[in-house]
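Working notes, beginning with the structure itself.
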Amino acid sequence: MTRITFHLSQNGQIAAVDLSGHAGYAEEGEDIVCAAVSSAVQLTHALLFDVQKIPVDALIEEDGAHIRLTLPAQMLDKGQDAMRALRIFYTELASQYPDFLCIAQPVNV
C-alpha cells in the first residue's frame, strides 16, 4: 500500500508531501495505481520547479519507494495551488482504490 502524508505549516499551509510504499495493485510495470501516484507527483514537481520556479526540495529513494516534495518556507504561498490540487487528486484516487492507497492524517511541522 502507498501511504501519502501531507505536512502542514503552523498556519495550515501544505509544506510538504511524503509518499512511501508500493501500491501493490498489480505487478511492477502494470500497476495503474502506482502509475497515477507517480505521474501526479512528477507533474506537481514540474509545475512547482520548472513553471513556477520554486526551488522545491525533492527526495527520491528507489529503495523503499519513497518520494518527498518540500516547499521552501518563504515560498509556501506561491506553491499552495499545486499542493492543494495534488491533495485533492490523491484523496479522490484513494477513494477509488482504498486497498492500495492511504491518505494519512496531516502532520504539523
Side-chain angles (χ1 to χ4, degrees):
M1 176 177 283
T2 299
R3 181 178 180 88
I4 300 172
T5 306
F6 287 91
H7 299 262
L8 306 178
S9 68
Q10 291 179 350
N11 62 358
Q13 292 180 303
I14 300 171
V17 61
D18 210 9
L19 310 134
S20 62
H22 293 284
Y25 180 82
E27 294 296 318
E28 186 176 334
E30 303 293 324
D31 194 326
I32 61 171
V33 176
C34 184
V37 169
S38 298
S39 294
V41 78
Q42 288 174 8
L43 178 62
T44 302
H45 181 268
L47 174 60
L48 292 167
F49 190 79
D50 298 317
V51 176
Q52 292 186 287
K53 306 300 183 199
I54 297 172
V56 63
D57 180 34
L59 169 70
I60 301 170
E61 296 176 331
E62 299 282 332
D63 188 33
H66 180 228
I67 298 171
R68 182 180 179 116
L69 296 183
T70 305
L71 293 170
Q74 69 277 17
M75 301 191 92
L76 288 180
D77 286 341
K78 190 173 180 182
Q80 285 310 288
D81 286 345
M83 294 297 261
R84 284 186 200 129
L86 184 64
R87 181 173 56 189
I88 290 167
F89 177 79
Y90 283 152
T91 300
E92 290 176 3
L93 190 64
S95 72
Q96 295 173 16
Y97 297 97
D99 293 337
F100 306 98
L101 188 59
C102 168
I103 308 296
Q105 289 294 321
V107 174
N108 294 319
V109 291

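For Asp77 and Gln13, the side-chain atoms include at least one donor-acceptor pair closer than 3.5 Å.
In the hydrophobic clustering of ILVMFWY residues, with side-chain heavy atoms under 4.5 Å counting as a link, Ile4 and Val107 come out apart. Under a hydrophobic clustering in which Ile, Leu, Val, Met, Phe, Trp and Tyr are joined whenever their side-chain heavy atoms come within less than 4.5 Å, directly or via other members, Val109 and Leu86 fall into different clusters. The hydrophobic cluster containing Met1 does not contain Leu19, counting ILVMFWY residues as joined when their side-chain heavy atoms lie under 4.5 angstrom apart, directly or transitively. Hydrophobic clustering (ILVMFWY, side-chain heavy atoms < 4.5 Å, transitive): Ile54 and Leu8 are in one cluster.
With a 6.0 Å radius and a threshold of 12 heavy atoms from other residues, nucleotides or ligands, Glu28 has its CD atom at or below the threshold. Atom CD of Gln96 has more than 12 neighbouring heavy atoms from other residues, nucleotides or ligands inside a 6.0 Å radius.
Across Val56 and Pro72, no two heavy atoms sit closer than the pair CA-CD, 4.3 Å.
Residues Glu27 and Asp31 are not in side-chain contact: their nearest non-hydrogen atoms beyond the backbone lie 4.5 Å or more apart. You'll find the side chain of Met83 reaches within 4.5 Å of the side chain of Leu71, heavy atoms only. Within the 4.5 Å cutoff, side-chain heavy atoms of Tyr90 are placed close to those of Val41. Between Ile67 and Leu59, the closest side-chain pair of non-hydrogen atoms is not below 4.5 Å. His22 is not listed as a side-chain neighbour of Thr2, based on a closest heavy-atom distance of 4.5 Å or more. Looking at Thr70 and Arg68, their side chains come closer than 4.5 Å, going by heavy atoms from C-beta outward. No side-chain heavy atom of Ile14 sits under 4.5 Å from any side-chain heavy atom of His7.
Taking the ring pair (Phe, Tyr, Trp, His ring centres under 6.0 Å) definition, one finds that Tyr97 meets it with Tyr25, sequence neighbours left out.
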Any chance you could lay out the side chain to side chain contact (heavy atoms under 4.5 Å, CB included) test for Leu101 and Val37, step after step, and finish with the verdict? CA-CA 9 Å; Leu101 188 59; Val37 169; 3.9 Å; yes
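Note that OG1 of Thr44 is 13.5 Å distant from CZ of Arg84, once rounded to the nearest 0.5 Å.
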